[in-house]
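The structure under discussion appears below in the form of structure tokens.
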2 protein chains.
Amino acid sequence: MTPRQTAALKKVDADSAARDGVNDVIDIGMLDDWIGFHLRMAQIASFQSFARHAQGIELSPGRFAALVLIDRNPGISQTALSRAIGSDKSTLTPVLDSLVKRGLVSRERTHNDRRLYELKLTDAGKNVMRAMHEHAQQHEKNLDTIVGPKDRALFLKILRKIAATRE
Amino acid sequence: MTPRQTAALKKVDADSAARDGVNDVIDIGMLDDWIGFHLRMAQIASFQSFARHAQGIELSPGRFAALVLIDRNPGISQTALSRAIGSDKSTLTPVLDSLVKRGLVSRERTHNDRRLYELKLTDAGKNVMRAMHEHAQQHEKNLDTIVGPKDRALFLKILRKIAATRE
DNA sequence: TATTGTTATACTCTATAACTATA
DNA sequence: TATAGTTATAGAGTATAACAATA
């Protein structure tokens, strides 16, 4: 490892820098060589880009993911869904409340075990998901361009590996 | 700060799957090929790993980053700091309040322009940063192992590129 | 007793707008 | 007028603990 120790995270404009007595370029020190830090910054940028592409459709990446998961796993329970997206079941309650209220998801008790709900997409939910899909695909296309076709598979493989690791 | 959280996309245990009538493995559909999705999942996993390593020291990645930035740029103003970490100045106010209250950061008006604060680390702040550094390095070492030495530079380069893109 | 899902509660992170004090 | 920082406020996202209904 060869820490560069210095990098421009963001240039401060010359005027304000002079005014502040602060250097033109901010020194991010050891962070510059840290995977975790850049993972965080990349995710923030990606999230913001996603939000720009999806403006008009009110659906955060998390909710969109919930919709996709319900679509692909019709009848899934809330607890199973919460496990899949890595959040607590109590976190999911208001999310599903709003998705049901907006008519995108149906929630019915199972016949076998009346403690569980069966989650399914309504037709409206499928439509919204499809519309969202298009926006998300444009966003993905931009990411693809940034990553480049040559390194795409490797990059994805590493991301999957990081996500799968629980140590 | 004690985020528990489970594995994203993890397998549902056989028993509960049978009980739920849900497949053993959750189908994530189109998400599986999406960079943005896996970026998000990797970041969540990395964050949780960071939290586990840093348990005992109450410092989120964001606050740790603020500390590092102040350490490397002593005398930086709050607005410059907020620009560097990409959040609003009002977001930073309570963060700095708590860092100052905990004796980790000093905040003094500049002599030239009495609207600005000069942020600096106190000795206690430097100590905490050093302790944090050790935890964070262990965390980084794990990430390094996952990524592998061969692909590390390329992976970092792509992350930087994504973070730098504002389209 | 154990599990599903809800409720009550709380904390973090984030932002916008209006404000103050200084320039 | 413009800038640095605070305050008021709000909303998303997250969690834990206690609870009701059901198993």
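Note on naming: letters A, B, ... go to the chains in the order of the sequence lines (proteins, then strands), and numbering restarts at 1 for each one. None of the values given here were measured: they were computed from a predicted structure.
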| said: Under 4.0 Å between a side-chain nitrogen and a carboxylate oxygen: does that hold for A/Asp151 and B/Lys161? | reply: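 Between B/Lys161 and A/Asp151 there is no salt bridge, as every charged N stays at least 4.0 Å from the carboxylate O atoms.
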
| field | OP1 or OP2 of C/dT4 under 4.0 Å from side-chain N/O of A/Ser77 | value | no

| Phosphate contact (D/dT14 OP1 or OP2) by A/Thr91 side-chain N/O below 4.0 Å | no

Please give, in whole Å, the distance from [N] [atom2] to [X] [atom1]?
X	N	atom1	atom2	value
B/Arg40	D/dT14	CZ	C1'	12 Å
A/Gln48	C/dC13	CD	C1'	13 Å
A/Leu96	D/dT14	CG	P	13 Å
A/Leu92	C/dT6	CG	P	9 Å
A/Phe47	D/dG13	CZ	C1'	10 Å
A/Arg107	C/dG5	CZ	C1'	9 Å
B/Ile76	D/dG5	CD1	C1'	15 Å
B/Leu81	D/dA4	CG	C1'	13 Å

| Flag for B/Ser98-B/Arg63: side-chain donor and acceptor within less than 3.5 Å | yes

| request: Encode nucleotides 17-23 of chain D as B, S and - characters from 5' to 3', where the letter depends on protein heavy atoms closer than 4.0 Å: B to the base, S only to sugar-phosphate, - to neither. | output: B---BBS

| task | Using the test salt bridge (charged side-chain N to carboxylate O under 4.0 Å, His left out), find all partners of B/Arg114 that sit at least two apart in sequence or belong to another chain. | result |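 With neighbours one apart ignored, the set is empty.
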
| message | Within the 4.0 Å heavy-atom criterion, would you say A/Thr93 contacts the bases, only the backbone, or no part of the nucleic acid? | response |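 Base: the residue A/Thr93, judged by heavy atoms under 4.0 Å, touches a nucleobase.
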
| field | Close side-chain approach of A/Arg72 and B/Ile28, heavy atoms under 4.5 Å | value |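 SC-SC contact between A/Arg72 and B/Ile28 ruled out.
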
| The side chain of B/Arg63 lies closest to which of these nucleotides: C/dC13, D/dG13, C/dG5? | C/dC13

| query | Which residue lies toward the 5' end of DNA chain C, B/Pro94 or A/Tyr117, if each is placed at its nearest nucleotide? | reply |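 Counting from the 5' end, the first nearest nucleotide belongs to A/Tyr117.
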
| Which residue pairs pass the salt bridge (charged side-chain N to carboxylate O under 4.0 Å, His left out) test when at least one of the two sits in residues 29-43 of chain B, sequence neighbours left out? | A/Arg152-B/Asp33, A/Arg160-B/Asp32

